[in-house]
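All heavy atoms count here, side chains included; hydrogens, waters and symmetry mates do not. Reminder, nothing fancy here: chain letters follow the sequence lines and each chain counts from 1.
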Amino acid sequence: MSNLAVAADRKLAPRDYKSDLAPIWCPGCGDFGVLSALFKALSVCNLDPDKTVIVSGIGCSSRLPGFVATYGFHGVHGRVLPVATGIKCARPDLNVIGVGGDGDGYSIGGGHLSHAARRNPDVTYLIMNNNTYGLTKGQVSPTSMVPLASVQPRIDPKRWKTTPYGSTEDSINPVALAVAMDCSFVARGFSYRPNQLADILVEAIQHRGFALVDVFSPCPTFNQDQTEEFYRHRTYDIPADHDPTDKLAAFALASQQDAYPLGVLYRNPSKPSIVDEQEFLRRRWQHPEGEDDHLSLLDELLRRFA
Amino acid sequence: MSNLAVAADRKLAPRDYKSDLAPIWCPGCGDFGVLSALFKALSVCNLDPDKTVIVSGIGCSSRLPGFVATYGFHGVHGRVLPVATGIKCARPDLNVIGVGGDGDGYSIGGGHLSHAARRNPDVTYLIMNNNTYGLTKGQVSPTSMVPLASVQPRIDPKRWKTTPYGSTEDSINPVALAVAMDCSFVARGFSYRPNQLADILVEAIQHRGFALVDVFSPCPTFNQDQTEEFYRHRTYDIPADHDPTDKLAAFALASQQDAYPLGVLYRNPSKPSIVDEQEFLRRRWQHPEGEDDHLSLLDELLRRFA
Amino acid sequence: MTQETALSTATDVVIRLVGESGEGTVTLGDVMVEMFTQMGLDIYTFQTFPAEIKGGTVMYQLRGKSGVTLSPGDSVDILVALNDEGFSLFGSGLSENAILLYNSDAFTPPPDSNRTDIALPITTLAREQKEAIRHELEGEILKRLPAPVNTVGLGALMALLGAPLEPAEVYLQRVFGRKGEPVVRMNVSALQTGARYVMEQLGPNRAVLVHPVEQRQRRLMVTGNQMLSMGAIAAGLKFYAGYPITPASEIMEFLARELPAFGGTVIQAEDEIAALGMCLGASYAGQRAMTATSGPGLSLMVELANLAGQAEIPVVITDVQRGGASTGLPTKTSQGDLNLAIYGMHNESPRVVLACSSVEDTFWTTIEAFNLAEEFQCPVILLSDQSMATRRSTVPPPDVSHLQLVDRRTPTDEELANGYKRYLDTEDGISPMAIPGTPGGAYTSTGIEHDEVGDPGYTPELATRMKAKRFRKMAALLERHANRLVRHWGTPDEADVGIIAYGSLEGVIREATERAESEGIRVAHLHLRLLQPFPRQQVLEFAARCRTVLVPELTWSGQLANWIKVNTNLSVASLRKDDGLPFLSSDIYRRICELADTPHEGRYHQ
Amino acid sequence: MTQETALSTATDVVIRLVGESGEGTVTLGDVMVEMFTQMGLDIYTFQTFPAEIKGGTVMYQLRGKSGVTLSPGDSVDILVALNDEGFSLFGSGLSENAILLYNSDAFTPPPDSNRTDIALPITTLAREQKEAIRHELEGEILKRLPAPVNTVGLGALMALLGAPLEPAEVYLQRVFGRKGEPVVRMNVSALQTGARYVMEQLGPNRAVLVHPVEQRQRRLMVTGNQMLSMGAIAAGLKFYAGYPITPASEIMEFLARELPAFGGTVIQAEDEIAALGMCLGASYAGQRAMTATSGPGLSLMVELANLAGQAEIPVVITDVQRGGASTGLPTKTSQGDLNLAIYGMHNESPRVVLACSSVEDTFWTTIEAFNLAEEFQCPVILLSDQSMATRRSTVPPPDVSHLQLVDRRTPTDEELANGYKRYLDTEDGISPMAIPGTPGGAYTSTGIEHDEVGDPGYTPELATRMKAKRFRKMAALLERHANRLVRHWGTPDEADVGIIAYGSLEGVIREATERAESEGIRVAHLHLRLLQPFPRQQVLEFAARCRTVLVPELTWSGQLANWIKVNTNLSVASLRKDDGLPFLSSDIYRRICELADTPHEGRYHQ
Ligand SMILES: Cc1ncc(C[n+]2csc(CCOP(=O)(O)OP(=O)(O)O)c2C)c(N)n1
Ligand SMILES: Cc1ncc(C[n+]2csc(CCOP(=O)(O)OP(=O)(O)O)c2C)c(N)n1
Ligand code: SF4
Ligand code: SF4
Ligand SMILES: [Mg+2]
Ligand SMILES: [Mg+2]
């Protein structure tokens with residue numbers, strides 16, 4: 001993010017960002033790893049908790065803001081990005097981080113993603129992707145991979161409740177999509193690689209523009225398919241020679257489906273941000289006296305209709 | 001589309017698809033060209049008007065269904081794809097075509113696009129892209145290109161009404177996005193190339209799966225920037241050697257912004273369709289007696305809870 | 001339990017289990033339900049869950065009764081507390097000389113003279129049982145084998161109830177059979193240990209609280225969500241699209257498993273807007289379609305539900321109401337969506353609102369919903385609520401032999417021949433709807449104001465005429481069906497207190513009514529299955545024979561009372577709360593008594 | 001015009017222009033508005049557009065009056081018909097001896113003895129004027145130069161009105177000056193030609209219909225949408241996000257131009273859900289935020305508006321009501337969104353509903369909306385409608401010198417020091433809201449039920465307590481502000497007929513009231529600016545002095561009448577229609593007379 005609001009006078013440790021509320025996640029939930037990585041990233045950036053807002057939707061993952069000692073906005077399902085954009089455009093001086101689940105961000109909230117990418121506000125958007133709907137107890141999400149059980153139907157009520165015979169829908173690739181949307185920062189992490197994840201989050205937070213970080217964060221309670229093991233065997237670090245500013249290369253890399261690259265996939269440092277441009281318009285038109293002279297400005301405006 | 005419903009006994013001419021209702025579009029509206037290209041394509045495919053449904057949203061372009069002598073569904077703003085998907089999944093025997101504007105399809109309705117691509121129903125989706133909101137009299141749409149007027153502000157009330165100083169948002173590239181969504185057929189047309197457009201529409205209609213056809217269809221009344229001239233000078237035909245099944249190549253081609261390629265950009269013939277897979281599930285589980293024995297099936301079901 | 005039931009052979013016992021969510025409380029409850037059912041008792045359960053996935057306290061109350069059971073019971077006879085928090089949250093509301101069975105490994109409750117407390121070191125006992133067979137199993141299996149905590153609890157409960165252990169043993173055989181003889185043995189011995197442990201503390205003179213009943217007719221053990229799903233299937237549902245949400249998800253999950261066999265399609269949409277959009281497409285195309293959601297989802301469906309009313313497309317929208325505004329109390333119950341169901345649209349298009357009133361009724365009211373949607377070509381909002389939807393209860397199997405299904409009016413050959421008019425202005429307002437594929441039936445369905453053909457039109461005359469046509473359908477509905485869509489309980493004659501209500505309150509109100517009547521108060525009860533269009537005639541006739549009218553509801557502002565006012569001008573006594581929990585029948589009973597005692601300004605004859 | 005106005009020097013003339021949309025009808029109307037304003041007359045206009053962009057008929061009615069003008073006028077004195085369709089659609093409703101000026105190049109109207117018809121071959125005359133100067137201009141310019149059709153019409157109208165041509169000539173100089181002398185000359189001569197052509201047909205004894213008025217005070221010529229936008233700016237609006245929709249788009253377009261100068265931000269969102277989401281974010285962050293939409297957009301905002309109520313976030317949601325359910329009658333007017341504004345939420349959270357009642361009032365009511373949102377930390381739905389929003393009318397400039405702005409309650413240092421509670425349970429229910437950036441104020445805003453700190457909680461006690469806290473704010477609002485938010489017209493004493501209404505009907509009702517009172521009927525008029533929470537006390541006191549209460553409204557089912565019933569039990573006479581057009585004051589007047597004549601069951605003293 002541009003000119004971050006940092007704690008001027010003191011150096012904050014990860015634990016300083018912990019709130020009094022204890023996480024309500026199941027034992028073994030991937031979100032614990034994400035939370036501690038976030039604590040670490042916040043402390044590395046030394047963000048001022050009083051000038052930082054964490055916005056979320058609804059879901060297990062979306063309960064995160066309550067566990068962090070910053071300002072928080074726990075809204076409704078799927079509207080993280082409009083709310084975060086509103087906060088950042090209204091108050092460019094605040095650090096704004098959006099968090100939520102794959103259902104919240106890619107299903108009901110999926111329509112807002114390309115527009116956030118267009119606007120490119122200085123907002124970091126962290127998706128805890130467990131390839132399922134956790135809070136509603138295990139249905140498919142757009143990132144679930146549940147092939148049609150053409151032969152032996154699986155009727156295990158605890159598994160993939162709304163698609164007991166497998167899903168009739170393909171899954172989406174959020175990072176490839178984000179690159180195509182020209183989202184100015186696209187990265188992927190894994191909750192069981194907390195240090196790497198913390199580094200990615202630091203980069204995302206420091207990035208000037210909209211940053212999407214999709215994190216594999218397994219749900220042991222409802223997803224027995226995409227487990228910690230699953231991702232341990234199917235993830236690898238992005239090779240050092242990858243040039244994140246090369247869009248086509250980034251798209252090719254992000255499109256990998258057999259194994260998933262971890263790290264920063266794409267970067268567009270030159271993309272303008274709505275926050276700066278709105279700031280520009282306000283300065284461009286603001287009268288020298290500025291707001292203090294609200295009434296005379298108002299009178300001028302009214303006069304134009306006389 | 002798979003096994004199209006064609007007029008068995010007779011050969012229909014373009015004019016046979018014309019309804020009694022005269023288009024209400026402004027003189028010179030690009031949508032006239034789209035409509036006649038559609039008439040031509042329907043007649044080439046000889047689709048049975050009684051087995052064809054055209055679904056639209058709200059907008060100037062969305063008034064199209066009324067002008068065609070098929071079944072029509074003129075719904076609400078932005079929901080073309082859910083409605084079309086519902087029709088096609090419920091009645092695979094019908095030909096389903098969705099139509100609408102860039103605002104309808106990429107702004108308020110943009111969230112449904114990636115999910116339609118995932119599901120891949122046999123639906124052709126034709127977007128009349130005039131880079132503006134016509135019916136509401138000329139605001140920016142996600143495909144508008146209205147750079148920030150950093151120097152000389154343009155306050156011409158008739159132009160870009162909600163962005164008089166230019167837009168603080170980048171525009172999206174719908175075809176590049178569609179490729180990234182693995183939409184199984186992606187093409188681009190131009191309403192002033194009616195023959196090419198008709199050919200594209202024929203291919204799209206015959207394609208087995210979800211087909212997105214984005215058509216430049218200028219709005220002379222409210223968009224003085226992306227005019228017929230503008231596109232005449234900035235479009236070219238896709239070179240014959242382009243392989244539409246090569247996703248990366250398709251993405252590179254679709255990403256071109258200096259000049260816009262016309263024709264079929266991408267194709268994924270092997271992508272399964274929700275329509276077939278739901279059909280499979282019904283067959284897989286349907287009892288030999290089939291529906292006729294509704295009551296005994298029902299009784300069996302109830303008995304399971306005794 | 002009242003004294004005499006304890007002595008007689010009638011059974012009416014209320015058990016409440018509380019414990020950490022995930023601790024097996026629910027499993028134990030389900031087993032008890034099974035035991036009671038085997039004894040031929042009627043079951044009525046009520047559960048509350050925390051809004052989190054794990055942690056938090058679960059409460060599972062079940063009532064076993066010989067004969068019709070209308071509520072989960074006002075006071076608890078046996079409280080089984082597996083942890084301290086559960087005890088402090090749900091420890092109140094016990095009947096006199098109730099029994100508390102508590103996990104003495106976890107905590108010790110403060111003494112209370114009105115209670116018989118029985119300590120059960122349930123974890124210790126269970127671990128001992130497992131120890132006893134550890135040498136017979138090899139490592140892996142042993143590691144994954146849980147100590148038989150629930151089985152110890154089951155034994156203890158059966159003993160407390162004075163019930164025979166045999167059925168439980170049979171049950172254990174069945175469940176653990178495939179895990180091998182030692183595991184079965186462990187559980188049977190755990191069962192007996194639990195039972196013995198309790199009997200020792202109870203001493204000789206133990207009351208027998210349950211008496212098996214001979215059941216002639218097989219009964220179903222189902223939840224409201226299951227009955228709603230099966231009702232929809234019975235009604236010919238062919239297309240379901242939905243988006244998961246508590247407490248409605250179970251409906252989609254049920255249909256995803258069962259609908260394909262009936263030739264139907266189930267799609268999980270990307271959101272509720274898409275879900276309803278898909279349903280409208282499917283219904284336009286001729287199939288019976290439904291979506292189910294809860295408050296937040298219904299809020300998102302407002303725009304498309306209005307299109308269905310304006311373009312006259314049949315569809316059933318189920319709202320399993322939950323507690324609180326916005327995200328609110330997602331796992332609790334409420335009737336707070338009535339306003340949204342009735343008024344949730346910009347400007348006005350016709351719409352039907354129905355409500356299920358019990359697990360049993362849910363089956364039939366769901367069928368009504370589909371029939372009304374088809375007959376009147378409009379959206380039907382079908383209301384259920386969390387308490388009824390997630391509750392398991394025993395119901396007689398619905399007799400589907402004389403199931404009646406109504407089809408939407410389609411155009412005749414004449415109507416198709418001479419310039420088909422989709423929105424023909426008929427006497428009852430119902431127009432012929434051509435299904436795509438019908439030759440000559442091509443038309444464009446639209447939400448813009450339109451003429452009879454369906455072409456857009458905006459003159460004041462046309463707008464008024466077509467709106468009148470659409471709303472005439474609601475008048476026709478009242479004429480044809482209103483009588484069937486209200487239910488009468490209590491006295492058919494003059495009453496001191498008349499109760500008007502809807503939804504899941506039917507059972508508790510009936511119970512309260514019976515109790516009040518048994519004490520000489522004349523109580524009449526009108527239960528509304530149809531809420532919009534409002535059965536004005538039926539309500540006025542009912543009110544005319546009541547000295548006072550009481551309207552109990554689970555809403556904050558008295559939504560039903562206000563809706564009655566709007567339609568009838570009756571001034572009613574409103575009894576309401578909206579705290580996430582259902583009414584106890586004693587809440588209703590108390591209010592009946594108060595009203596019966598207070599003087600009145602006379603009857604409502606106007 | 002009534003005889004005496006024609007003779008006296010008072011002016012009250014109603015002109016209606018009809019023609020093909022895009023034909024310049026609107027331009028001509030705007031010019032006439034300018035002419036009338038220059039003459040110091042008060043203007044009241046009313047327009048209807050087709051729902052299509054081009055084609056269809058436009059109707060532009062303008063009334064010029066010396067002194068306050070409350071309605072577009074019941075009967076038309078001068079009808080200018082540029083095409084046949086326009087004449088047949090809008091040819092009725094003329095006053096006796098009205099004048100019809102018709103385009104004789106386009107059609108010939110059927111003769112009518114009650115009308116003076118004047119033919120004007122407007123296109124021919126205009127073409128001749130252009131011919132006259134063709135040799136003076138070279139090709140390109142000439143080709144692009146339109147024939148001065150509107151100017152010919154202008155001349156004809158001025159002549160019909162018996163008005164001097166000079167102001168019109170000055171106007172033409174100004175507008176066409178930069179196009180060069182020949183073009184100016186062409187227009188001036190076109191003006192004179194039109195005038196001459198009419199005078200010849202009228203003959204010598206022409207009535208003078210307009211008399212210039214000396215205006216001391218400068219007046220504004222504005223639409224309701226413009227006044228709403230300026231009211232918002234005056235109220236300190238800093239953030240606007242919206243999505244285009246007829247008839248609300250003008251507000252966003254206005255603010256996009258003007259707000260940056262006031263340090264504000266305007267964003268066009270991808271849909272209405274995002275628009276409101278952005279506003280909630282901005283308001284949470286401490287800025288005054290507003291969005292504006294119409295029915296379909298309000299339907300999509302239902303879920304997030306409820307979050308604002310539950311999480312207690314101030315926001316102003318403007319609904320410029322349009323006609324019809326679903327897409328309905330997008331360019332017509334209605335009051336049909338009242339139900340949705342009041343009841344549009346699942347379960348219940350507090351919310352305020354205000355309504356603008358005239359172009360002039362819109363400015364101040366908008367300021368009230370922002371102040372109430374801030375003071376009570378909740379959403380305020382601000383109702384306007386198409387007729388008022390798109391109408392141009394002359395209003396005295398608002399005196400903003402004593403503009404009062406209210407700020408939301410923020411935490412004190414003490415409150416921040418000792419464990420800050422965002423949702424502190426206070427007496428008036430208003431809790432301290434910390435703005436991000438406030439040290440020690442960190443909290444999480446949430447729509448889940450929560451305790452005072454904001455942590456999720458689900459116990460029945462907590463749910464009841466926090467809901468009560470939120471709703472106490474509405475009681476406080478009534479106590480502090482209700483008196484100011486209703487307006488009294490007509491007699492302050494006992495009345496034969498009392499009228500309760502809201503919104504844009506204020507003017508026509510006042511006109512009807514004055515007329516009835518001038519005829520000896522005692523009429524009182526209570527106009528509601530505040531609709532929710534309902535000003536019960538004020539309404540009951542008003543009703544108590546009225547023999548009958550009449551509730552006129554532009555809704556199908558009588559939404560306001562029903563809302564009054566719910567809150568007061570008053571039974572009222574409902575006068576309603578919802579056909580896309582506003583009431584004429586004569587509609588109201590007629591009903592007043594009927595009610596004044598009918599016997600009554602006495603006054604409402606209860
Ligand atoms: C409008 C609306 N629809 C549905 C729901 C129910 N719901 C709550 S969370 C959730 C999805 C949870 O999945 P995800 O976003 O991936 O978060 P997770 O629990 O997996 O972390 C759903 C469907 C809701 N709260 N609101
Ligand atoms: C929910 C909702 N929001 C806004 C509108 C207003 N509206 C009608 S059409 C339209 C956009 C038109 O643009 P587009 O979809 O590109 O179609 P075009 O008119 O350009 O062909 C809008 C915003 C509406 N009808 N419904
Ligand atoms: S359900 Fe899954 S996602 Fe939710 S808390 Fe438990 S493990 Fe985590
Ligand atoms: S406004 Fe533009 S898009 Fe609409 S009909 Fe006219 S030209 Fe076509
Ligand atoms: Mg998830
Ligand atoms: Mg467009």
Side-chain angles (χ1 to χ4, degrees), chain B residues 5 19-21 24 48-55 58 63 65-66 68-91 93-94 96 111-112 114-115 119 274 278 281-287 290-291 294-295 297-299 301-303 305-306, chain C residues 218-222 226 230 233-234 236 238-239 241 258-267 269-271 273-287 289 303-304 306-307 311 397-398 400-401 403 434-448 454-456:
Chain B
S19 81
D20 310 337
L21 203 61
I24 40 66
D48 181 347
D50 293 325
K51 295 207 146 147
T52 303
V53 184
I54 302 183
V55 182
I58 300 293
R63 293 291 293 270
V68 186
T70 61
Y71 281 84
F73 190 114
H74 180 220
V76 299
H77 192 35
R79 313 306 169 190
V80 172
L81 291 176
V83 171
T85 303
I87 295 173
K88 187 65 191 180
C89 290
R91 292 281 308 278
D93 62 309
L94 298 173
V96 181
H112 304 297
S114 68
H115 302 284
R119 294 177 185 125
I274 187 173
Q278 290 281 351
L281 285 181
R282 289 189 296 264
R283 271 201 312 277
R284 167 82 181 70
W285 287 102
Q286 208 142 11
H287 287 233
E291 294 184 48
H294 185 63
L295 279 187
L297 276 174
L298 182 59
D299 198 59
L301 175 60
L302 287 163
R303 216 177 284 279
F305 292 84
Chain C
R218 74 184 165 93
R219 283 121 13 103
L220 309 184
M221 169 62 54
V222 284
Q226 289 168 337
M230 290 192 280
I233 290 174
K238 282 284 173 296
F239 186 93
E258 308 300 342
L259 203 56
F262 290 82
T265 306
V266 173
I267 300 180
E270 56 269 37
D271 61 23
I273 296 174
L276 183 51
M278 291 178 186
C279 288
L280 294 184
S283 176
Y284 164 88
Q287 289 198 343
E303 190 197 10
L304 275 172
N306 203 7
L307 171 67
V400 295
S401 61
L403 174 69
I435 304 308
T438 310
Y443 76 98
T444 295
S445 186
T446 180
I448 291 195
D455 293 342

Which atoms of [X] are under 4.5 Å from chain C, going by heavy atoms: the side chain, the backbone, both sets, or neither?
| X | result |
| --- | --- |
| B/Val53 | side chain |
| B/Ile24 | neither |
| B/Asp48 | neither |
| B/Arg303 | both |
| B/Ala69 | backbone |
| B/Leu21 | side chain |

How long is the gap from CD1 on B/Ile58 to CD1 on C/Ile448, to the nearest 0.5 Å? 5.5 Å
Please report the interatomic distance CD(C/Gln287) to OG1(C/Thr265), rounded to the nearest 0.5 Å. 6.0 Å
Heavy atoms only, distances under 4.5 angstrom: which of [options] has the most pairs with chain B? Name it, please.
| options | result |
| --- | --- |
| C/Ala269, C/Ser401, C/Ala289 | C/Ala269 |
| C/Leu280, C/Val400, C/Leu259 | C/Val400 |
| C/Gly264, C/Ala275, C/Ser283, C/Ala311 | C/Gly264 |
| C/Arg218, C/Glu270, C/Met230 | C/Glu270 |
| C/Gly440, C/Gly447, C/Pro439 | C/Pro439 |
| C/Ala442, C/Pro260, C/Gly277 | C/Ala442 |

[X] versus chain B, heavy atoms under 4.5 Å apart: side chain, backbone, both or neither?
| X | value |
| --- | --- |
| C/Leu304 | side chain |
| C/Ala234 | both |
| C/Pro397 | neither |
| C/Asp271 | side chain |
| C/Tyr443 | both |

Can any side-chain N or O of B/His74 pair as donor or acceptor with the backbone N or O of B/Ile54 at less than 3.5 Å? no
For residues B/Arg119 and C/Ile267, determine if any side-chain heavy atom of one lies less than 4.5 Å from a side-chain heavy atom of the other. yes
Smallest separation among heavy atoms of B/Arg91 and C/Gly437, with atom names: NH2-CA, 4.4 Å
